[in-house]
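In listed order, ligands and their atoms are each counted from 1. Below, all heavy atoms of this structure are taken into account, side chains as well, without hydrogens, waters or symmetry copies.
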Amino acid sequence: MTWSIAQLIEGRQAEQYSLHRRYINTTLARAQAIISFDKVYVRGQGAYLWDADGHRYLDLLSGYGVFNVGRAHPILKQAIHEVVALDLPSLVKMDCPLLAGLLAEELAKRMPPGLDAVFFDNSGADAVDTALKFARAATRRPRVLYLDHAFHGLTLSTLAVNGGPEFRKGFEPLMPGFDAVAMNDLAALEKSLRGQDVAAFIVEPIQGKGVYIPAEGYLQEAQRLCHKYGTLFICDEVQVGMGRTGRFLCCEHWGLEPDIVTLSKSLGGGYIPVSATITRRSIHDATFSRLQRCQVHSTTFGQNDLAMAAGLATLSVLDEERLVERAATTGEKLLKRLAALQERYEMIAEVRGKGLMIGIEFRAPRSLGLRAAWTAAETAQKGLFAQFVVMALMRDHHILTQVSGPDVNIIKLLPPLIIGDEEVEMIASAFEAVMTDAMNIRGPVWAQSVQLIKHALEG
Ligand SMILES: Cc1ncc(COP(=O)(O)O)c(C=O)c1O
């Protein structure tokens with residue numbers, strides 16, 4: 001049989017957007033065309049993508065944070081090739097596969113004290129769902145608390161702990177007794193915990209949608225309150241873990257000792273979907289409480305050899321290349337360069353972040369002409385100015401970024417952790433150029449505003 005994926009791609013590359021319009025998400029394909037993001041990328045390596053015309057793009061999106069070790073890392077490729085070449089007996093299911101044991105051992109080494117029982121899933125939402133089930137089984141309590149603006153996935157159970165009304169709308173009612181609390185409001189948290197019916201309080205130590213960082217002391221005190229009232233404290237590290245913020249786990253910045261940690265995204269090196277829910281043995285075993293319940297929670301593809309090998313290879317690369325430390329130092333440089341722009345451009349309200357997770361928040365300009373343009377854009381759709389900046393970074397500087405969630409004027413940068421001084425310079429000078437252009441109402445940043453406002457108003 002002569003069948004080749006390379007030949008298939010070569011023969012049909014030009015159809016990628018039309019196929020999506022026809023068979024997949026028509027609305028998303030349309031949105032990409034409107035903002036001129038409908039590129040044909042043909043290669044990805046390290047921190048860069050290349051399109052069919054040979055143009056290079058700096059990728060600050062990293063597939064929503066899955067390429068911490070960079071694209072096409074040779075060790076990841078080798079691990080995957082080896083697993084395939086060895087014809088390993090993956091997914092026997094009625095055995096205890098070696099690679100899952102080895103990855104669990106490596107993860108446990110990197111956890112806060114006492115977290116050494118691992119459950120493997122396929123996605124971030126799976127890992128959170130598992131954490132919530134474990135918490136209910138271990139505490140025998142029904143309720144769950146989460147933070148305003150939280151994002152823990154988009155399945156029905158994780159939507160129930162999603163703090164963004166724009167995601168929940170149209171899918172309610174969700175889980176009864178799952179309630180939001182405001183970040184930094186410890187009194188509200190304690191009030192909700194006092195009834196001693198809350199199984200878990202789940203937090204992202206830094207929130208992904210908006211890059212919101214809790215006030216100093218908040219997370220430690222929230223953890224203390226959880227323990228006081230018998231509630232499990234879950235740190236969802238799906239986005240901020242794996243070295244992203246300059247520590248292996250983001251919760252290490254505050255010396256937290258959560259009861260459950262979730263990891264995913266970069267754990268699979270950008271190749272294989274995989275996630276892990278890591279907890280104490282007693283919490284884990286409350287679900288698998290007797291022989292008849294040994295498979296009461298399970299997923300078909302959990303522990304598959306390709307995913308486990310990708311996880312082991314990723315952890316090895318993080319260590320060998322000291323990428324966690326690198327994220328801390330490069331992130332500090334980038335944050336400093338971008339923060340310096342805040343002093344010069346009134347539309348930058350704040351630059352914040354840790355390691356290589358950085359948010360840039362915009363605000364209304366003071367000058368009258370610009371303010372009118374800003375108001376028109378914001379009235380049509382909140383966060384539209386940030387979208388103009390994302391478009392300008394792409395069009396004029398070949399830098400791929402994203403608006404950090406619905407209805408916010410915040411851009412989020414999630415570069416691979418391998419970037420260095422060259423990329424810091426590229427990013428800082430591109431932002432500077434775009435912000436200079438944004439000061440001119442007749443400049444390129446505002447050029448497509450009328451057209452985009454029209455599309456926004458049409459929905
Ligand atoms: C903190 C957090 N938790 C969970 C998820 C869900 O992960 P997935 O999209 O793999 O289901 C995400 C995804 O962005 C996330 O950022």
inquiry  = I want to check a possible cation-pi pair here: R168 against F171, using under 6.0 Å from ring centre and within 45° of the ring axis as the test.
reply    = no
task = Identify whether NZ of Lys or CZ of Arg in R56 sits under 6.0 Å from the centre of the six-membered ring of Y48 and within 45° of that ring's axis.
result = yes
ask   = Is any N or O atom of S264, backbone or side chain, closer than 3.5 Å to an N or O atom of ligand 1?
value = no
ask   = Mind checking whether V238 has an N or O less than 3.5 Å away from an N or O of ligand 1?
value = no
query = What closest approach, in Å, do Q342 and I348 show between heavy atoms, and which atom pair accounts for it?
reply = CG-O, 3.4 Å
remark   = Taking every heavy atom of P415 against every heavy atom of R244, the minimum-distance pair comes out as O-NH1, 2.6 Å
inquiry  = Less than 3.5 Å apart, any donor N or O on the side chain of N122 or T299 sitting next to an acceptor on the other?
reply    = yes
request  = With heavy atoms of E204 as the reference, note each atom of ligand 1 found under 4.0 Å away.
outcome  = 1 (C)
query = At a 4.0 Å threshold, what atoms of ligand 1 neighbour a non-hydrogen atom of G153?
reply = 4 (C), 5 (C), 6 (C)
So which protein heavy atom does [atom] come closest to, and at what separation?
atom: atom 11 (O) of ligand 1; value: A125 N, 2.9 Å
atom: atom 16 (O) of ligand 1; value: Q239 NE2, 3.0 Å
atom: atom 7 (O) of ligand 1; value: G124 CA, 3.2 Å
atom: atom 13 (C) of ligand 1; value: K265 NZ, 3.3 Å

query = Heavy atoms only: which of D121, D126, D236 is nearest to atom 3 (N) of ligand 1?
reply = D236
request  = Kindly assign one of parallel, tilted or perpendicular to the pair F233 and F201, based on the angle between their ring planes and the thresholds 30° and 60°.
outcome  = tilted
key: Sub-4.0 Å heavy-atom contact, Q207 with ligand 1   = no
query = Does ligand 1 have any atom sitting under 4.0 Å from a heavy atom of F151?
reply = yes
inquiry  = Centre-to-centre under 6.0 Å for F134 and H284, is that the case here?
reply    = yes
task = Taking the six-membered ring for Trp and the full ring for Phe, Tyr or His, determine whether the centres of H297 and F119 are under 6.0 Å apart.
result = yes
